[in-house]
Chemist: 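Please find one structure pasted underneath; my questions will follow.
Residue numbers start from 1 in every chain, and the chains themselves are labelled A, B, ... in the order their sequence lines are given, proteins ahead of strands. Computed from a prediction, not measured in an experiment: that's the story for all the values here.
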2 protein chains.
Amino acid sequence: MFIQIEPTSEIPIYTQLANQLIELIASGTIKPSEALPSVRSLAADLGVNMHTVNKAYHELEKKNIIEIIPKSGAVINSISPKGPSDMQLDLIKLHLKPLIAESIVYGMDKEQILSITSSIISEITEG
Amino acid sequence: MFIQIEPTSEIPIYTQLANQLIELIASGTIKPSEALPSVRSLAADLGVNMHTVNKAYHELEKKNIIEIIPKSGAVINSISPKGPSDMQLDLIKLHLKPLIAESIVYGMDKEQILSITSSIISEITEG
DNA sequence: ATCCTGTTATAATGACATTAGAACAGAATG
DNA sequence: CATTCTGTTCTAATGTCATTATAACAGGAT
């Protein structure tokens, strides 16, 4: 599993883990219907506690990105062809807005913001 | 001051405050060289502790968005016409990436992501 | 001189993140 | 069928963070 944790980061370990798993799914490195490693094995790999990995998995389940099958394991959900649900879209916008406002305050204009957004998309999907 | 705090949010109060101040600056509602309210008066307005407002102001100072003049008050910095510094840009990208990856996992394509980004920019600058 | 300002210090509280250890029950595998 | 692996649940300790509460200090504004 291609994951790297920064223990000293201000970002919680379980969030780092969830984010990196999301990126791996977005990039196609791991695909829908694939099983994620068990919480115990991944925890051992990363040198963190089992409960921390468990928490990351449950964050992804809340977002409907994976499905946790009790007593069995976690599986990546298929990407909805209908796009995000209203709730998902609202949350994305809620978190996107302050970042965009900050970019504007830094002197970026619409073109620049769309440009770096575009480059990040390429980075994820082609990287 | 046109600020609303949600005490029960999972987002820390000082972050909510900093974010909303950034949006007010981005929208032009409050402008460079204008003074922010004193930490004591704004805290009283919002019904929160002085230290919480103080923390928000120092967050904005770290980002070079305001200047805190010791024993005097806080003033909004001018928007750099040169755009963001490398450090500012890196931080923006760092926080933008997981959101964009999440959007992709939700089934959004490049056009949709650029479209909501664009609409948020309009919302901030024209709202 | 008085009031307002940000600064600093200390302290208490509750919540959160992380780790640890243990026990349970269902699934998978031999 | 027995063993192993799985996620689940519980308790508990630790450290850090967010928030509030006081209080006192010194420079700026009036």
Side-chain angles (χ1 to χ4, degrees), chain A residues 1 3-22 30 33-77 91 95 98, chain B residues 1 3-22 30 33-77 91 95 98:
Chain A
M1 193 104 292
I3 290 175
Q4 207 163 358
I5 297 300
E6 314 265 2
T8 67
S9 167
E10 83 279 7
I11 301 172
I13 296 175
Y14 75 93
T15 303
Q16 294 183 48
L17 220 185
N19 282 346
Q20 293 193 41
L21 288 171
I22 287 174
I30 52 180
S33 85
E34 261 183 49
L36 291 178
S38 77
V39 291
R40 281 183 173 87
S41 68
L42 184 51
D45 266 19
L46 302 176
V48 302
N49 191 275
M50 165 190 58
H51 295 91
T52 306
V53 176
N54 197 42
K55 189 167 185 178
Y57 280 13
H58 280 273
E59 290 288 315
L60 294 179
E61 195 188 33
K62 267 191 224 161
K63 299 184 178 195
N64 274 312
I65 293 174
I66 68 173
E67 186 180 359
I68 297 175
I69 300 159
K71 314 295 177 193
S72 171
V75 174
I76 302 168
N77 280 335
L91 272 178
H95 291 109
Chain B
M1 194 103 292
I3 289 175
Q4 209 164 357
I5 297 298
E6 314 264 4
T8 66
S9 167
E10 82 281 8
I11 301 173
I13 295 175
Y14 74 93
T15 303
Q16 293 182 50
L17 221 184
N19 282 346
Q20 293 193 41
L21 288 172
I22 288 173
I30 52 179
S33 85
E34 262 184 48
L36 291 178
S38 76
V39 292
R40 281 183 173 87
S41 67
L42 184 51
D45 267 18
L46 302 176
V48 302
N49 193 275
M50 167 191 58
H51 293 89
T52 306
V53 176
N54 197 41
K55 190 167 185 177
Y57 281 12
H58 280 272
E59 290 288 314
L60 295 179
E61 194 187 34
K62 265 192 226 162
K63 298 183 179 195
N64 273 313
I65 293 174
I66 69 173
E67 186 179 358
I68 296 176
I69 300 159
K71 312 296 176 192
S72 169
V75 174
I76 303 167
N77 280 336
L91 272 178
H95 291 109

Chemist: Kindly compute the distance separating OG1 (B:Thr15) from CD (B:Glu10), expressed to the nearest 0.5 Å.
Modeler: 10.5 Å

Chemist: Provide the start and end nucleotides, 5' to 3', of the part of DNA chain D that has atoms under 4.0 Å from heavy atoms of chain A.
Modeler: D:dT6 to D:dC10

Chemist: Once you round to the nearest 0.5 Å, how far does CD of A:Glu59 lie from CG of A:Leu21?
Modeler: 12.0 Å

Chemist: Rounded to the nearest 0.5 Å, how far does NE2 of B:His95 lie from NE2 of A:His95?
Modeler: 11.5 Å

Chemist: Report the end-to-end axis angle of the helix from C:dA1-D:dT30 to C:dG30-D:dC1; each axis comes from five terminal pairs, and the value is rounded to 10°.
Modeler: 40°

Chemist: Go through the structure and list residues passing side-chain contact (heavy atoms from CB on, under 4.5 Å) with A:His51, not counting sequence neighbours.
Modeler: A:Asn49

Chemist: Nearest 0.5 angstrom please: B:Thr8 OG1 to B:Ile5 CD1, how far?
Modeler: 11.5 Å

Chemist: Spell out, as yes or no, whether a donor-acceptor pair under 3.5 Å connects the side chain of A:Glu34 to the backbone of A:Ile76.
Modeler: no

Chemist: I want to check something: taking the side chain as every heavy atom from C-beta on, are B:Ile68 and B:His58 in contact at a cut-off of under 4.5 Å?
Modeler: yes

Chemist: Which heavy atom in B:Thr52 sits nearest to a heavy atom in B:Tyr14, and how many Å separate them?
Modeler: O-CB, 3.6 Å

Chemist: If the condition is side-chain hydrogen bond (donor to acceptor under 3.5 Å, both in side chains), which residues does A:Lys55 pass it with, not counting sequence neighbours?
Modeler: none

Chemist: Encode nucleotides 8-21 of chain C as B, S and - characters from 5' to 3', where the letter depends on protein heavy atoms closer than 4.0 Å: B to the base, S only to sugar-phosphate, - to neither.
Modeler: BB-------SSBBB

Chemist: Which residues within residues 63-72 of chain B lie with some heavy atom under 4.0 Å of an atom in DNA chain D?
Modeler: B:Lys71

Chemist: Could you grab the distance from atom CG of B:Leu17 to atom CD1 of B:Ile13, nearest 0.5 Å is fine?
Modeler: 8.5 Å

Chemist: Find the distance between CG (B:Leu60) and CD (B:Glu67) and round it off to the nearest 0.5 Å.
Modeler: 13.0 Å

Chemist: Run the side-chain contact (heavy atoms from CB on, under 4.5 Å) check on A:Ile66 and A:Leu36 step by step: do they pass?
Modeler: CA-CA 9 Å; A:Ile66 68 173; A:Leu36 291 178; 3.9 Å; yes

